[in-house]
Number of protein chains: 2
Amino acid sequence: MGHWHPFDRRGYHHGNLKEALIEVARRFIAERGIGGFTLADAAKLVGVTPAALYRHFRGREALLAEVAGRGFDDLAARLARALKGPGTPLERFTRMGEAYLAFAEEEPGYYAAMFAPRGKEEDACGPWGARFAVQADGGEEAHGAFDLLVKALRETFPEGFGGVDARFIALEVWALSHGIATLAAAGQLPTGPGLPSKHELLRAGVLALVHGALPGRREAL
Amino acid sequence: MGHWHPFDRRGYHHGNLKEALIEVARRFIAERGIGGFTLADAAKLVGVTPAALYRHFRGREALLAEVAGRGFDDLAARLARALKGPGTPLERFTRMGEAYLAFAEEEPGYYAAMFAPRGKEEDACGPWGARFAVQADGGEEAHGAFDLLVKALRETFPEGFGGVDARFIALEVWALSHGIATLAAAGQLPTGPGLPSKHELLRAGVLALVHGALPGRREAL
DNA sequence: TGTACATCAGTGAACGCGCGTTCACTGATGTAC
DNA sequence: TGTACATCAGTGAACGCGCGTTCACTGATGTAC
């Protein structure tokens, strides 16, 4: 009672099968990776025949794409929340970085689905695709996660970046975040005395990236 | 003639089966991804029964691990070459970044094998593992790719980083490189008018990361 | 140089498995009258 | 309120497939004498 549970089932009709499958796929991918995810096990977990899946999805790939889409939405929501919170622009911007790492850590299923090298199909969705659209320039409302990042940069550093496009900086920050998140997820970030946590790594790196592009800093080197 | 070709075969015994399998696996993974790689197809490509593979590898995972190992060796060799070339330390350091991106782009098979989320097995090899060992501190010879990066940083900026461990900076640079390389490989780096290439992205980012940590720069922000 | 033999790297057939997907079906639900 | 019917979301059995792996085997190679 209270929370709805994906394994609940009352009667012949499941009633929430689509949502349940997405939910189970997310957990599944988180545990075994995207290659280890099978329709058969997912169906068994929600207590349904594998064939029932085809009432809601065209097939395996469609399910994965939907999971990825949910992931992009969730990420954008988290980033938006971090950006809207209290504090100075710089604090909020820093919090966005934390939110990104937290998302990658807490939702490895989503993250893997989002950034897994998609098959041959069209990349109808992706960080810079429909749900993430890169704006030509500012003005319109920012929907996707990437646009949120650009918006945050413009708010945090209203003086600009000495003629450098904020989207340039945003890409740098994104690439660094993604690199740290994936190395950490793969267990390939070394830990040990004197070595930084991924959070320290991201915070210092983001500051350096922004800092390095700030006006009056570009003449050196 | 001249170059040895993995599909060559003279007689009952192949003679180069192990090397041929590694070579074919590399190309295969590059084209279809690590999940699309199968022993059956690999064996067929080199003109051999699938069972023959087991004379040289314990199984599929062992072959993949060997491919990853070759990749780490190749990457280290490329980075070492870039570092040993002519030019100022800064030029050589910048060239290491280029070499990294070039490796990821030219050897997607290696790259995927190296950084694919390994199964449950021990990560006996990895960027910071046996072939990549992170030195406790300087002194000993640098064998792995990561150590080469640290060494290059120390050579390029002998004045140090204001008390910050060079390995810290190296991790930042590595994470950024990895992030850019993987986003680019997945086709998730947006391109368009006014947006930078991955090479511009890496060069500017690395400079900012190094710059931001240089002495006399850490008081601002 | 020739023969016997050990060693090694292949063969080819077979295995068990589990996958994604299809199909005709049936049970449950909702709506019209 | 009750009945007939259309719609929908499941079932369950079956499919073809291709995978990784095994096994007893055999052809080729190299070495001892």
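When reading the values below, keep in mind they use all heavy atoms of this one structure, side chains included, and skip hydrogens, waters and symmetry mates. Lettering of chains follows the sequences in order, A, B, ..., and the numbering in each one begins at 1. Keep in mind the model is a prediction, meaning the values are calculated, not measured.
Taking atom CZ of residue Phe37(A) and atom C1' of nucleotide dG20(C), one finds them 11 Å apart after rounding to whole Å. In this structure, the CG atom of Leu17(A) is 15 Å from the P atom of dT29(C), given to the nearest Å. Distance, Lys44(B) NZ to dG20(D) P: 12 Å, rounded to whole Å. Leu53(A) places its CG atom 17 Å from the P atom of dC23(C), with the value rounded to the nearest Å. When the C1' atom of dA9(C) is taken as reference, atom NE2 of His56(B) falls 6 Å away, rounded to whole Å. Between Leu63(B) atom CG and dT21(D) atom P there is a gap of 10 Å when expressed in whole angstrom units.
The side chain to side chain donor-acceptor pair (under 3.5 Å) test with Arg70(B) singles out one residue from Glu19(B), Glu23(B), Glu107(B), and that residue is Glu19(B).
The partner of dA6(C), taking Watson-Crick or G-U wobble pairs whose two distances both stay under 3.5 Å, is dT29(D). The partner of dC23(D) is dG12(C), judged by Watson-Crick or G-U wobble contacts that both fall below 3.5 Å. Across all strands shown, dG18(C) pairs with dC17(D); the Watson-Crick or G-U wobble distances both stay below 3.5 Å.
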- Item | Trace of the side chain to side chain contact (heavy atoms under 4.5 Å, CB included) decision for Glu155(B) with Lys151(B) | CA-CA 6 Å; Glu155(B) 281 184 16; Lys151(B) 182 182 167 202; 3.4 Å; yes

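Minimum heavy-atom separation, Arg58(B) to Ala62(B): N-CB, 3.8 Å.
Salt-bridge formation is not detected for the pair Lys18(A)/Glu66(A): no Lys NZ or Arg NE/NH1/NH2 atom is positioned less than 4.0 Å from an Asp or Glu carboxylate oxygen.
A residue-by-residue look at Ala51(A) and Thr38(B) shows that Ala51(A) has its nearest nucleotide of DNA chain D further toward the 5' end.
Closest to the side chain of Val48(B), from the set dG10(C), dC19(C), dT11(D), is dG10(C).
Between the side chain of Arg55(B) and the base of dG10(C), at least one donor-acceptor pair of N or O atoms lies under 3.5 Å.
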